[in-house]
**Student:** 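Just passing along the structure, written as C-alpha cells.
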4 protein chains.
Amino acid sequence: MFEQNQIWDELSLDEEEFTPKQKKIITAAVEIFAEKGYAATSTSEIAKKAGVAEGTIFRHYRTKKELLLSIVAPMMAKMIAPFVIKDINRVLDKNYDSLEDFLRAMIKNREVFLEKNIQLFRILVQELPFHQELQGQFKEHIAAKIYTRMEKVVRHYQEKGDIIDMPPESVFRLFLSTIFGHLMARFFILPPDQWDDEKEMERTIQFLVKGLSPNE
Amino acid sequence: MFEQNQIWDELSLDEEEFTPKQKKIITAAVEIFAEKGYAATSTSEIAKKAGVAEGTIFRHYRTKKELLLSIVAPMMAKMIAPFVIKDINRVLDKNYDSLEDFLRAMIKNREVFLEKNIQLFRILVQELPFHQELQGQFKEHIAAKIYTRMEKVVRHYQEKGDIIDMPPESVFRLFLSTIFGHLMARFFILPPDQWDDEKEMERTIQFLVKGLSPNE
Amino acid sequence: MFEQNQIWDELSLDEEEFTPKQKKIITAAVEIFAEKGYAATSTSEIAKKAGVAEGTIFRHYRTKKELLLSIVAPMMAKMIAPFVIKDINRVLDKNYDSLEDFLRAMIKNREVFLEKNIQLFRILVQELPFHQELQGQFKEHIAAKIYTRMEKVVRHYQEKGDIIDMPPESVFRLFLSTIFGHLMARFFILPPDQWDDEKEMERTIQFLVKGLSPNE
Amino acid sequence: MFEQNQIWDELSLDEEEFTPKQKKIITAAVEIFAEKGYAATSTSEIAKKAGVAEGTIFRHYRTKKELLLSIVAPMMAKMIAPFVIKDINRVLDKNYDSLEDFLRAMIKNREVFLEKNIQLFRILVQELPFHQELQGQFKEHIAAKIYTRMEKVVRHYQEKGDIIDMPPESVFRLFLSTIFGHLMARFFILPPDQWDDEKEMERTIQFLVKGLSPNE
DNA sequence: TATGAATGAGACTTCATTCAT
DNA sequence: CATGAATGAAGTCTCATTCAT
C-alpha cells in the first residue's frame, strides 16, 4: 500500500536530487539509526548495508553528524506541514465545524504521516535529547510554528465555547500529551492485534473533547 | 533542599554496600549518561569525572553495560513502589474517596519521586529503546505490575461511576499519556518560570477527571 | 642464497594477493611470534615493526588470532606437500631402491624446507599446545594425511624386508622422533659450528636403517 | 596410586616450608600454566582457582615470573636426579650388565617420573623457548650435568662393544630423540587406549639397541 | 563519482602490581 | 599473613575520516 521509497517524499525538499548510491545510503542509515541509535551506529555498518564503499558516504556528507541532520531536518519540515495551511482560519470556519471533527481529522492525518515515517519519527524522538542542533531546529520549526498556529485554533474553539477557558499553552500541552500517547501506543508499544484503531481513536477524541470542555 | 546523594535511596536495594569510589563512579556515570546518552559516553570520561582510575570502574562492573544496568535496574524497582502498597483496596476505600483525590495524590507522589530522580528517569527513558535487557525488565516490572494494580483502581472508580465504561487498558493509556506529558513538560520542556505547578496540576487533574467521566 | 621474502612461497596459497602493507605485517608478525610467542606479542609491537598503523592490522585480520592462523595454516599445507606426491608407489619402485636412499631424500628435502621456514616452523611448534584450532588443523592435515602416505611406504619396505615386522604406527613414531630430533638439534639447539651436517645426517640415517632393520 | 599433591616431592627442595595458601597458589598456577601457557595466564585467574586474594600471590612471589621460575626450577633439579647417582660407574658395572637393561631401567624411571609430573614437564617444555632464565638453567643443570654423566655411560658401552664408535654427543642426541619421542607419544599424543606401554617400550628399546649397535 | 586501504585517536577492557587495612 | 580495592599502563579492537587511485 505504501511504497518502500516514500521516505523520499519526506526527505527531499523537492529540489534536491539524489544519486542512487546516496539513496541507498540514506535508506540504510535511517534503518540502522532507528534501530540502534545514532551513537551506536558505525558508518561502516551503514556502508555495508547500503552496499557502497565507506568513502562514498563521506563524499556526500562531510561527517556522520551531517548525515543524521540531513535525515532528520527535512522530517521536521514535513511534520509541521498540515499546520502551515495558508488560511487556517478559513479552514476552521468551513471545514471543521466542531472540535471533534477537527481533532479527528488532525489525528488521522498524523497517523497516516507516521505510518509512512515511523523510522524517521523514531530517530527524531530518540536523538532529540542528545543533539543541540536538533533541539534548536525543533524549537524553531516545530514548537514555535505549530504552537503559533495551534494557539489560533484553540482560541477559535474557546470562543465557540467548545474548549474551557484556560491558557492556550496548557490546552496545547494536554492536547499534545494525549495525541503523542495515542500515537506511541499505536506505533511503538502495543502489538497491532491488541489495538483496534477505530475504537481507540474515538476514545482518544472523546477523552480530549470532554477533558477540554468547559465546566458544567 | 534535596541532598545530592539521595540517588542512593533509589539505587541501593537497601542491602548493598558501596565503596566511596564506587559511589563516585555511579554519580559520575548517572550525570554523563543522562546528558549524552550511554553510547556517547566513554568510560574514560566517567573515570575522569569520578576522580578514579579507569580500571577502577571495571573492578566494580565487568562491562560498561553492566554499569548502565546497575544504575537503571534499581530505578525501575523504585518506580513501582507506590503501586505495590499492600492493601490498595483499603487505600482506595478509605483514603481516596474521590477519583480526583486519588489522582492528585498519585501525581504529587510521582512528582516528588521524579524531582529526586530526574537524571535516572532521563536515562531510563532515553536508553529504553536501545537495550533489550531494559525492555525486558521494564515490561516485567513496570508494565505488568503497575498495570495489574491500576486495573483494580480503574474498575473501582468505574463501579463508583467516576470513570466511563471503557476497557481499563484504554483508561490506563489515556491516564498515563496525560501524566507522562505533565511530568515531561514540568521537568524537561518548560523552563520553571513558565510553569506554575499548582495551577498546572489542577488543570491536569480536571482534564483527566472530566475526560474520563461517564457521558452525561 | 634464500631470499628474505620466500615466506610468500609458503603463505600464499598461490591465489591470494597481498598488499605491500599486508606483507609487512605478516613479515613482522612471523618474526615476533617466533621470538616471543603469540601471547606475549602485542599488536602494537607488530605494527611498529611493520611500519604501519595498528589499525591497519585489523583491517586485514579481524583479530590477532586470525593473524596467527593466517600465518600458520598455510604452513601446514606446505609441510605435507612432499607426501602428497600423486603416485608415491611408483616413486618408491623407481626412485628409491633402498630405504636408505628414501630416508636420505626425505630428510634432505625437509631440511631444505625447514631452512626456508624456520620461523614459521617455530611458531607452529610453539603454539600448537595452546590453540585448539591449530591442533584440529594439524591432526586433519598433517597427522592424518602424512600418516596415510607413510603407512604405504612403511609396508612397502617391510615387504621388501628392509623394515622389521612391527605395527606401522610404531615405525612411524620411531621414524618421526628421530627426524624431529635431528632437525631440532640442527636448527634450534646446536650452534652451527658444532654441527657437521653431512656426517650427522649419515649417522641419523644409519641409526634409523639399523634400528628399524629386521632382527638377525 | 599417585597422590595429587606429590608435586611437593618435586618442588620443595627439601628444606622449604610452604604455607597452605602457598601450596594452593602453586597447585593452581601449575595447572593453568600447563593448560594455557605462562603468558596467557593471569594472576587473577590463578588467585581465583587457588581461592586466595590476588595480593596473596605477590606476598610470596615478587612477580609473576618469579612464580613461574619457582615452579620450573626445582623441576629441573629433579630431572637430573637419576643421573647424579654418586657412583655411576659402579652402577654400570654391577647393575646393568647390558645396554638393554640400562635403557629399560632409564626409560622406566623417567616414565614414572613424568607420570607424576606431566604438568610440570609440559610447562618446562612449553616455556623453555621464551625465557632466557630457563634456558640458562636448563643448559647449566640439565644439558651440562646430564651430558657429562651420559658421556661416561656411552663410552662405557662403546668400550664394551655395545655401541657403535661415534661421537658421544651424537649418540646422546639419537638417544634423547628416541626417548623424548617415546615419552611425548605416551603422554601427550596418543590416547591411552592406543598405547600398549609394555610393547612400545620394548620396541623403543630394541630400536635404540639395534640403531646404536656397531656395524656387523 | 566512487572506491577501499590506511590512519591514529580513542574505545573498552585486562593486567601485574601496590598498599592500607 | 592475608586481603581486595585501587591503579595506570598496556592490550585488543573500532571508528570516523582521508586520500590516492
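Naming: A, B, ... by sequence-line order, numbering from 1 per chain.
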**Student:** What residue pairs, at least two apart or across chains, pass ring-ring contact (aromatic ring centres under 6.0 Å, His included) with a residue in residues 29-76 of chain D?
**Tutor:**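 Of all non-adjacent pairs touching residues 29-76 of chain D, those that pass ring-ring contact (aromatic ring centres under 6.0 Å, His included) are D/F33-D/Y38, D/Y38-D/H131.
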
**Student:** Return the set of residues passing side-chain contact (heavy atoms from CB on, under 4.5 Å) with B/A34 (not counting sequence neighbours), or none when no residue passes.
**Tutor:**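 If we apply the side-chain contact (heavy atoms from CB on, under 4.5 Å) test to B/A34, skipping adjacent residues, the hits are B/Q119, B/R122, B/I123.
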
**Student:** Which range-with-range stems can be found for DNA chain F when each stem has 3 or more Watson-Crick or G-U pairs in a row and both distances sit under 3.5 Å?
**Tutor:**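 Runs of three or more consecutive pairs: E:2-21 with F:2-21.
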
**Student:** Under the salt bridge (Lys or Arg N to Asp or Glu O under 4.0 Å) rule, collect the residues that match up with B/E54, sequence neighbours excluded.
**Tutor:**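 Here no residue qualifies.
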
**Student:** Quick one: list whatever passes side-chain hydrogen bond (donor to acceptor under 3.5 Å, both in side chains) with A/S44, sequence neighbours left out.
**Tutor:**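 A/S44: side-chain hydrogen bond (donor to acceptor under 3.5 Å, both in side chains) contacts with A/S42.
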
**Student:** Counting primed atoms plus P, OP1 and OP2 as sugar-phosphate and everything else as base, spell out the protein contacts along nucleotides 3-9 of chain E at 4.0 Å heavy-atom distance: B, S or - for each nucleotide, 5' to 3'.
**Tutor:** BBBBBB-

**Student:** Rounded off to whole Å, could you give me the NZ-to-P distance for the D/K48 and E/dT14 pair?
**Tutor:**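 It works out to 10 Å between those atoms.
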
**Student:** From NZ of A/K64 over to C1' of F/dT18, roughly how many Å is that when rounded to an integer?
**Tutor:**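 Whole-Å distance recorded here is 17 Å.
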
**Student:** How would you list, by chain and number, every residue that makes a side-chain hydrogen bond (donor to acceptor under 3.5 Å, both in side chains) with C/E35, sequence neighbours excluded?
**Tutor:**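 None.
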
**Student:** Using a strict heavy-atom distance below 4.0 Å, which residues from residues 32-43 of chain A are in contact with DNA chain E?
**Tutor:**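 Going residue by residue through residues 32-43 of chain A, none turns out to have a heavy atom under 4.0 Å of DNA chain E.
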
**Student:** Residues two or more places apart in sequence or in another chain: which of them pass side-chain hydrogen bond (donor to acceptor under 3.5 Å, both in side chains) with D/E45?
**Tutor:**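 For D/E45, the residues satisfying side-chain hydrogen bond (donor to acceptor under 3.5 Å, both in side chains) (neighbours in sequence not counted) are D/K36.
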
**Student:** Does B/L67 reach the side chain of B/I25, with side-chain heavy atoms less than 4.5 Å apart?
**Tutor:**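 Counting from C-beta outward, B/L67 and B/I25 do come under 4.5 Å.
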
**Student:** Ignoring backbone atoms, establish whether B/S44 has a side-chain N or O less than 4.0 Å from OP1 or OP2 of E/dA11.
**Tutor:**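 Checking E/dA11 against B/S44, a side-chain N or O does come within under 4.0 Å of OP1 or OP2.
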
**Student:** Quick check against the 3.5 Å criterion: does A/K49 have a side-chain atom that pairs as donor or acceptor with the backbone of A/T27?
**Tutor:**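 No, because the side chain of A/K49 does not come within donor-acceptor range (under 3.5 Å) of the backbone of A/T27.
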
**Student:** Rounded to the nearest Å, what distance is computed from the CG atom of residue C/L68 to the P atom of nucleotide F/dC13?
**Tutor:**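 Atom-to-atom, C/L68 to F/dC13, this comes out as 12 Å.
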
**Student:** Could you list the residues that satisfy side-chain contact (heavy atoms from CB on, under 4.5 Å) with D/K48, not counting sequence neighbours?
**Tutor:**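 Partners of D/K48 under the side-chain contact (heavy atoms from CB on, under 4.5 Å) test: none.
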
**Student:** In whole Å, I'd like the distance from the CD atom of C/E66 to the C1' atom of F/dT12.
**Tutor:**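 For the pair C/E66 CD and F/dT12 C1', the rounded distance is 14 Å.
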
**Student:** Going by the rule side-chain contact (heavy atoms from CB on, under 4.5 Å), which residues pair with D/L69 if we only count those two or more places apart in sequence or in a different chain?
**Tutor:**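 Only D/K65, D/E133, D/L134 meet the side-chain contact (heavy atoms from CB on, under 4.5 Å) criterion with D/L69.
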
**Student:** Please state how far atom NZ in A/K23 lies from atom C1' in E/dT1, giving the value in whole angstrom units.
**Tutor:**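 From A/K23 NZ to E/dT1 C1': 17 Å.
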
**Student:** So, using side-chain contact (heavy atoms from CB on, under 4.5 Å) as the criterion, who are the partners of B/H141 when residues are at least two apart?
**Tutor:**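 Partners of B/H141 by the side-chain contact (heavy atoms from CB on, under 4.5 Å) criterion, ordered by chain and then number, come out as B/Q137, B/K145.
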
**Student:** What integer distance in Å separates B/I25:CD1 from F/dT7:C1'?
**Tutor:**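 That distance rounds to 12 Å.
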
**Student:** Whole angstrom is fine here: how far is it from CZ in B/F58 over to P in E/dA11?
**Tutor:**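 After rounding, the reported distance stands at 11 Å.
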
